[in-house]
Amino acid sequence: MLLHGWTVTSDLNWFAVFGGLSQRYRVIAFDHRGHGRGLRPVRPVRITDLSDDVAAVLGALEIEKSALVGYSLGGAVAQVVARDHGERLSGLVLAATLPRFRAGDLRLWPGVLGAIALGSRLVPRSLVNGIFERMVDRRTSDHHPWAADEVRSNHPRMLLETGASLFNFDAREWLPTLEVPTAVVVTEKDHKVSARYQRKFADFIPGATLHPLAAGHDASVTHPDLFVAALIEALDSVHERAAGRDLAAAGSPSG
């Protein structure tokens, strides 16, 4: 199951990856709430809500266990799924992501996002949508029209709420307790999520493996061949370890 990043949709994050990855694995992807065609709840969006959505989708599809691939925001969601719904996971791949996104000198950033999100509930929706439309037009002027439409399909307020929750996210205290076989895919030329901190990420998770590739934060789109190769290597690694654990459990006296 593929979990996409913040402000994009699942198709926009993964469209260049689906073909290569599906040659080896069954692939499932959906939009987070507030993104693309995702849910539109009334109450504020939190990372824990996105985690619960993953478990709900697995349940609806009657999938007992799945490997999760979390990209950027999706990586934070995947970490929470591993903590709260670990029994549903056969493996965990964390790509271009971190256990904590808020830098020490950005303490006000989550509060600012949250305040703007709250303010967006108090003004006419047409005004919010108009501002969002103009922002999308400026940021996607050199993008393919389909990509711009994908960004435009997001819900402005829910993006802000998700961002505030993301920048308050901190998994460092409980990551060492995870028991799911884990791999970390490092985007070595990433200017948005420091590659140095991505490499340190694995130190928090017992037995996590590193799988680097020479590309930036948008590697899944700009360098899909490199990304798919690193992703398959990471997935093979977690599945091999999961199979080994299952064999060991089956051969134990209690098995």
Side-chain angles (χ1 to χ4, degrees), residues 1-6 13 17 46-48 50-51 54 65-107 109-110 163 165-220 223 226-246 248-249:
M1 179 176 282
L2 307 179
L3 306 181
H4 66 82
W6 185 40
N13 200 139
V17 173
R46 299 290 180 262
I47 298 295
T48 50
L50 307 186
S51 166
V54 172
K65 285 192 174 186
S66 173
L68 277 191
V69 178
Y71 201 96
S72 197
L73 161 68
V77 176
Q79 291 170 64
V80 178
V81 176
R83 182 192 68 185
D84 296 346
H85 308 282
E87 73 283 355
R88 307 303 303 266
L89 303 187
S90 58
L92 186 64
V93 176
L94 304 167
T97 192
L98 294 172
R100 181 176 186 262
F101 282 82
R102 185 177 62 174
D105 57 348
L106 293 176
R107 291 178 183 174
W109 185 233
S165 184
L166 176 63
F167 286 106
N168 273 315
F169 175 75
D170 190 344
R172 294 173 299 172
E173 182 177 344
W174 46 263
L175 274 177
T177 69
L178 296 185
E179 298 181 353
V180 179
T182 302
V184 176
V185 174
V186 180
T187 43
E188 292 283 359
K189 297 183 178 181
D190 202 319
H191 297 296
K192 292 184 178 179
V193 179
S194 166
R196 180 165 66 96
Y197 289 123
Q198 289 184 56
R199 289 191 292 271
K200 288 184 176 181
F201 190 4
D203 294 339
F204 287 97
I205 308 172
T209 56
L210 282 175
H211 306 268
L213 71 149
H217 195 68
D218 51 359
S220 63
H223 295 78
L226 288 178
F227 184 77
V228 168
L231 184 53
I232 288 178
E233 179 183 270
L235 284 165
D236 286 351
S237 171
V238 298
H239 280 300
E240 181 179 344
R241 281 177 276 155
R245 290 172 56 169
D246 290 343

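Just the heavy atoms: all of them, side chains too, but no hydrogens, waters or symmetry mates, feed the values below. Please read all numbers here as calculations on a predicted model, not as lab measurements.
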Any side-chain heavy atom of [X] within less than 4.5 Å of one from [Y]?
X	Y	result
Val180	Val238	no
Leu3	Leu50	no
Tyr71	Phe227	yes
Phe201	Leu175	yes

Residues which pass side-chain hydrogen bond (donor to acceptor under 3.5 Å, both in side chains) with Asp203, listed by chain and number, not counting sequence neighbours: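 Asp203: no side-chain hydrogen bond (donor to acceptor under 3.5 Å, both in side chains) contacts found.
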Counterpart residues, side-chain hydrogen bond (donor to acceptor under 3.5 Å, both in side chains), relative to Glu188 (two or more places apart):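 If we apply the side-chain hydrogen bond (donor to acceptor under 3.5 Å, both in side chains) test to Glu188, skipping adjacent residues, the hits are Arg199.
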Taking all non-hydrogen atoms of both residues, which atom of [X] and which atom of [Y] are closest, and how far apart?
X	Y	answer
Ala208	Ala202	CB-O, 3.9 Å
Leu92	Ala82	CD2-CB, 3.9 Å
Gln198	Leu98	N-CD2, 3.6 Å
Ser220	Val17	O-CG2, 3.5 Å
Leu213	Ala219	CD1-CB, 4.0 Å
Ala67	Leu235	CB-CD2, 3.9 Å

Basic-acidic side-chain contact under 4.0 Å: Lys192, Asp190: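 A salt bridge is absent here (no side-chain N lies under 4.0 Å from a carboxylate O).
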Geometric class of the Trp174/Phe169 ring pair [parallel <30°, tilted 30-60°, perpendicular >60°]: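 Perpendicular.
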Option among Val54, Val77, Leu2 that satisfies the side-chain contact (heavy atoms from CB on, under 4.5 Å) test with Leu68: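 Single pass found, and it is Val54.
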Identified side-chain contact (heavy atoms from CB on, under 4.5 Å) counterpart of Leu89 within the set Thr182, Val81, Leu178: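 Per the side-chain contact (heavy atoms from CB on, under 4.5 Å) rule, the option paired with Leu89 is Val81, out of Thr182, Val81, Leu178.
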Look up atom [atom1] in [X] and atom [atom2] in [Y], then write down how far apart they are to the nearest 0.5 Å.
X	Y	atom1	atom2	result
Thr209	Asp236	OG1	CG	11.0 Å
Thr177	Ile205	OG1	CD1	10.0 Å
Lys189	Asp218	NZ	CG	12.0 Å

Ile47 backbone acceptor or donor facing Ser165 side chain under 3.5 Å: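 The answer is yes, because a donor-acceptor pair under 3.5 Å joins these two groups.
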Qualifying salt bridge (charged side-chain N to carboxylate O under 4.0 Å, His left out) pairs with a residue from residues 70-96, counting only residues at least two apart or across chains: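 Sorted result for residues 70-96: empty, none.
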Among Glu240, Glu233, Arg241, side-chain hydrogen bond (donor to acceptor under 3.5 Å, both in side chains) partner for Ser237: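 In the set Glu240, Glu233, Arg241, the residue that makes a side-chain hydrogen bond (donor to acceptor under 3.5 Å, both in side chains) with Ser237 is Arg241.
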